There are 2 protein chains.
Amino acid sequence: MAVNVQDTALALEKMIRESAEYNQLKEEYARVFEEEATKNLFNNFRNIQLQLQEKQMTGQPISEEEVQEAQKVVAIVQQNPTIVKLMEAEQRMSSLIAEVNKIVMRPLEEMYSTQMN
Amino acid sequence: MAVNVQDTALALEKMIRESAEYNQLKEEYARVFEEEATKNLFNNFRNIQLQLQEKQMTGQPISEEEVQEAQKVVAIVQQNPTIVKLMEAEQRMSSLIAEVNKIVMRPLEEMYSTQMN
Ligand SMILES: [Ca+2]
Ligand SMILES: [Ca+2]
């Protein structure tokens, strides 16, 4: 990898580490994992999400029962302010990463859109 | 978005634009699109690839005939040095972007792997 690209990518990594978005996310995570009940609820929620995602991606059928189970856990999770704050922080961090990716991918998108016309 | 993150992402965009990988890719693209026959062959190849990818992602069946058609076009494309050079340049550009993404995603991966344990 070109030194200039690598150096700038490393600088960006540092800026992300120092960003409010990243540090808030870290704090909210620590808060969720600090309390046994909240941690278990969150891990349960995350596992169900990952299972459903995997089934979707591999084209496996999702039963009515699984959908209901997932909806139940989402409803419980939405009552938990510590987890809600974590999910909001995750959303802000995702937006930051999406904006970064959009900028970094701009040269390629530009090139493809020019050549394809 | 935090100004520091945005500024550094913009600096990274600039470095990518100035990289040998990006400029070689641009050159190889221009070369393919310069010659009518090469351009048509390349567009044909790309369209078949995109169609197969879309079918895979949406879970549609791919017929034996489509597989053979794709293999035929790949074989023809591999005989075309201008397109082969473009594909090699695309591969180098993909590697660069993959390395950049790996660095940029390191803070998040670190956080998740710490919290999950
Ligand atoms: Ca607490
Ligand atoms: Ca030529």
Side-chain angles (χ1 to χ4, degrees), chain A residues 1-23 25-34 39 42-43 46 56-60 86 89-90 92-112 114-117, chain B residues 1-23 25-34 39 42-43 46 56-60 86 89-90 92-112 114-117:
Chain A
M1 172 153 64
V3 172
N4 282 345
V5 175
Q6 187 169 34
D7 281 352
T8 321
L10 291 170
L12 181 55
E13 181 199 359
K14 188 168 178 287
M15 290 304 134
I16 289 171
R17 258 182 228 284
E18 292 173 2
S19 69
E21 288 86 345
Y22 184 66
N23 286 290
L25 179 56
K26 252 176 115 169
E27 262 178 49
E28 302 303 342
Y29 250 109
R31 219 157 269 151
V32 163
F33 278 75
E34 208 174 77
K39 185 183 85 174
F42 179 75
N43 281 337
R46 211 30 50 109
Q56 270 186 325
M57 288 191 330
T58 56
Q60 288 174 74
L86 170 56
E90 280 184 331
R92 286 190 296 269
M93 187 71 210
S94 290
S95 300
L96 181 71
I97 294 294
E99 286 187 78
V100 164
N101 282 337
K102 210 172 128 185
I103 293 172
V104 168
M105 293 308 286
R106 217 147 50 181
L108 274 178
E109 265 167 30
E110 225 178 79
M111 194 185 64
Y112 289 127
T114 311
Q115 297 288 2
M116 293 307 168
N117 293 335
Chain B
M1 174 152 63
V3 172
N4 282 345
V5 174
Q6 188 169 31
D7 282 352
T8 322
L10 291 170
L12 181 56
E13 182 199 358
K14 187 168 179 287
M15 291 304 132
I16 288 171
R17 258 182 228 283
E18 293 173 2
S19 68
E21 288 87 344
Y22 184 67
N23 286 290
L25 179 56
K26 253 175 112 167
E27 262 178 51
E28 301 304 342
Y29 250 109
R31 217 157 272 152
V32 163
F33 278 75
E34 209 175 75
K39 185 184 84 172
F42 179 74
N43 280 337
R46 211 29 52 106
Q56 269 186 324
M57 288 192 330
T58 56
Q60 287 174 74
L86 171 56
E90 280 184 331
R92 286 190 297 269
M93 187 70 211
S94 290
S95 300
L96 181 71
I97 294 293
E99 285 186 79
V100 163
N101 282 337
K102 209 171 131 186
I103 293 173
V104 168
M105 294 308 286
R106 217 148 48 181
L108 273 179
E109 264 167 30
E110 222 179 81
M111 194 186 64
Y112 289 128
T114 311
Q115 297 287 0
M116 292 308 168
N117 293 336

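Quick caveat: nothing in here was measured; it's all calculated off a predicted structure. Reminder, nothing fancy here: chain letters follow the sequence lines and each chain counts from 1.
Residues forming a salt bridge (charged side-chain N to carboxylate O under 4.0 Å, His left out) with A:Arg17 (at least two apart in sequence, or on another chain): A:Glu13, B:Glu110. Residues satisfying the side chain to side chain donor-acceptor pair (under 3.5 Å) test with A:Gln56, not counting sequence neighbours, are none.
Checking side-chain atoms of A:Tyr22 against main-chain N and O of B:Pro107 turns up a donor-acceptor pair under 3.5 Å.
Both the backbone and the side chain of A:Ile16 come within contact range of chain B, with heavy atoms under 4.5 Å apart. Only the side chain of B:Asn101 comes within contact range of chain A, with at least one heavy atom under 4.5 Å from a heavy atom of that chain. Using a 4.5 Å cut-off between heavy atoms, A:Met57 makes no contact with chain B at all. Looking at B:Met105, the atoms closer than 4.5 Å to chain A (heavy atoms on both sides) all sit in the side chain, from C-beta outward. The contact between B:Leu10 and chain A is made by backbone and side chain atoms together, counting heavy-atom distances below 4.5 Å. Neither the backbone nor the side chain of B:Ala20 comes within less than 4.5 Å of any heavy atom of chain A.
Taking the charged nitrogens against the carboxylate oxygens, A:Arg31 and A:Glu28 do have a contact shorter than 4.0 Å, which makes a salt bridge.
Closest non-hydrogen pair, B:Leu25 versus B:Leu86, comes out as CD1-CD1, 3.6 Å.
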